[in-house]
Amino acid sequence: MKKNGFAVLAALSVLILAAPVWAWQGRMAGFGDAEGLAPDESDFLAHPAAIVKGAGSSFYGHYRLTYDKATSWDYNLSLIPHSTSFDYSASGRTWKNEAQLGAAFAAGAGRMGIFLEYAAARGKYDGRENYRLGPFGADGISFDMKDDLDRFALRMIYGLPVGGSRLGWELQVAYRNEEKEQRLIDRDWSGSWTATYKNEPWAAEDSPYSSLYPYLIPFQSKYWEAQAKASVEGLLGPAAYALTLKAGLPFASDNRYSYDIDYVTAAETDYRADMDGKVRGFNVGGDFWLRVPFSAATTLPFVISTEFRTVKRDGSRAGAVTVNYDHEATSLLIKAGGGMDYTPAKATRLAAGLYYDYRSTRQSAYNDYSGGGEFLQDIYCQSALKVDPPSASNFDPPPVKKFSV
């Protein structure tokens, strides 16, 4: 799959090098991805109907490299009845690469666009846990985590004028390969034993010191995802508007959750498992932009975007030892903003805006184990509220709270 994707990207690169190419998404990136603040040729990536405003054949290329550094990613867990506390501290970084190649051209009564996209993220984090029993005695535990993503997408956009309005549609098919993994190493101070917990699933049991679920819930998923958009642009009196509705769902999926608990002095093979399952879910959302003329040189833009997404992963393994796994993640994203777009003279433009992003996420995981006369069951829930700076990326930062203008 990766080889085919790179081959298509290379072929399209030759076409781009042979034709005029103009900077486009870089303008909005310079504004901090404030989409809708000022008119931009790349607006049709958000509202397919906007592709109608182009003329002739155009070729596009875009690349972005992002480095995210998490210098402090900490949390504390206290078990008051047992006078026990768990202080976790971690840090790390994520490299992100995003590339896009495409073209737009006349097709029938309207215009069509075809785009190929590739996105990759490589996240690596490590940290320590200070496990303290009462006022005296402490143990040091180290851990590391990774969070990787590869995504290939094909986007087909079409728009045409209808009366005084413009209509547009987009169909997107993407292949996603996602993996989250965690590994915790516990060593006895005397050096007599070492325990390694890979993707330890018992997050809600009476051994929270071996669980890293509050950081991330592990899985390895490969699946296809279909996304569709319907868009309209027009006028509401003197104001220009753009409205797009979108929905999508995964299909042809494969999900795996593997965990391994290993002691140097005595291997516990009963607590090793590879569970295979599927990925299900859906997402719905919409974008609305409104540009209200204030004077001949000044326009007031307003934007709002919403998205609700739920992803369910499962897995099981039958035999002498039976294990089952379920993981559900839901998120609600709302972006709203407004500002001023001022053109004092030809070829001169000033713009300023205030944008607010709200994200609410919730995750739950279920694990059970049955075999050898034992039955273990674990139910874990997690929720978080994040206020993020504007981002056009497909990647989420670590769950911290922050606000920016």
Side-chain angles (χ1 to χ4, degrees), residues 22 24-56 58 60 104 106-113 155 157-172 227-247 283-308 332-358 390-392 405:
W22 306 90
W24 64 321
Q25 292 190 64
R27 292 193 289 260
M28 287 298 99
F31 278 129
D33 294 318
E35 295 178 331
L37 178 62
D40 189 83
E41 190 175 357
S42 62
D43 287 348
F44 65 75
L45 297 177
H47 297 283
I51 197 172
V52 179
K53 291 180 286 189
S58 302
Y60 305 96
R111 284 176 60 79
M112 175 173 285
R155 301 175 65 173
I157 302 171
Y158 185 74
L160 75 165
V162 177
S165 302
R166 293 176 289 271
L167 302 180
W169 299 268
E170 178 184 326
L171 177 62
Q172 180 180 153
Q227 185 87 19
K229 290 183 180 181
S231 176
V232 59
E233 276 194 342
L235 295 175
L236 290 173
Y241 75 91
L243 173 64
T244 296
L245 301 179
K246 56 188 177 182
N283 67 82
V284 293
D287 296 275
F288 178 71
W289 296 0
L290 183 68
R291 300 183 60 82
V292 181
F294 183 76
S295 67
T298 305
T299 303
L300 304 180
F302 300 94
V303 301
I304 184 169
S305 174
T306 62
E307 181 184 75
F308 176 80
L332 172 65
L333 173 64
I334 301 175
K335 300 181 180 182
M340 181 185 68
D341 182 10
Y342 177 55
T343 308
K346 187 176 181 180
T348 301
R349 165 166 279 160
L350 301 174
L354 179 66
Y355 286 71
Y356 178 85
D357 290 9
Y358 168 90
S391 174
V405 176

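Computed over heavy atoms, backbone and side chain alike; hydrogens, waters and symmetry mates excluded.
Proximity of Glu35 to Trp289: side-chain heavy atoms (C-beta onward) are separated by under 4.5 Å at one or more points. When side chains are defined from C-beta on, Val52 does not count as touching Phe44, because their heavy atoms never get closer than 4.5 Å. With a 4.5 Å cut-off on side-chain heavy atoms, Thr298 and Met340 count as touching. Inter-residue side-chain proximity for Pro48 and Arg155 is flagged as unmet; no heavy-atom pair is nearer than 4.5 Å.
A donor-acceptor pair under 3.5 Å is absent between the side-chain atoms of Arg166 and the main chain of Glu233, judged by distance alone. Formation of a donor-acceptor pair under 3.5 Å by the Lys229 side chain with backbone atoms of Gly168 is not found in this model. Side chain of Arg111 to backbone of Gly56: a donor-acceptor contact under 3.5 angstrom is found.
The nearest pair of heavy atoms linking Gly36 to Pro301 is O-CB, 3.5 Å. Annotation for Thr348 and Pro344: closest pair O-CD, 3.6 Å, computed over non-hydrogen atoms. Annotation for Val284 and Ala247: closest pair CG1-CB, 4.1 Å, computed over non-hydrogen atoms. Considering every non-hydrogen atom in both Ala239 and Pro293, the closest pair reads CA-CD, 3.9 Å. Between Ile51 and Ala104 the shortest heavy-atom distance is CD1-CB, 4.2 Å.
Ile304 contributes atom CD1, which lies 7.0 Å from atom CD1 of Ile334 (distance to the nearest 0.5 angstrom). Rounding to the nearest 0.5 Å places CD1 of Ile157 at 5.5 Å from CG of Leu45. Put simply, OG1 on Thr306 and CG on Asp287 are 7.5 Å apart, with the number rounded to the nearest 0.5 Å. Taking OG1 of Thr244 as the start and NE2 of His47 as the end, the distance is 4.5 Å to the nearest 0.5 Å. Note: Thr299 OG1 to Arg349 CZ = 8.0 Å, rounded to the nearest 0.5 Å. Between Leu245 atom CG and Ser231 atom OG the span is 8.5 Å, to the nearest 0.5 Å.
Heavy atoms of other residues, nucleotides or ligands lying less than 6.0 angstrom from CZ of Phe308 number more than 12.
Note: Trp169 and Tyr158 have parallel aromatic rings, judged against thresholds of 30 and 60 degrees for the angle between ring planes.
Ionic pairing of Asp341 and Arg291 is present here: one or more N-O contacts between side-chain nitrogen and carboxylate oxygen are shorter than 4.0 angstrom.
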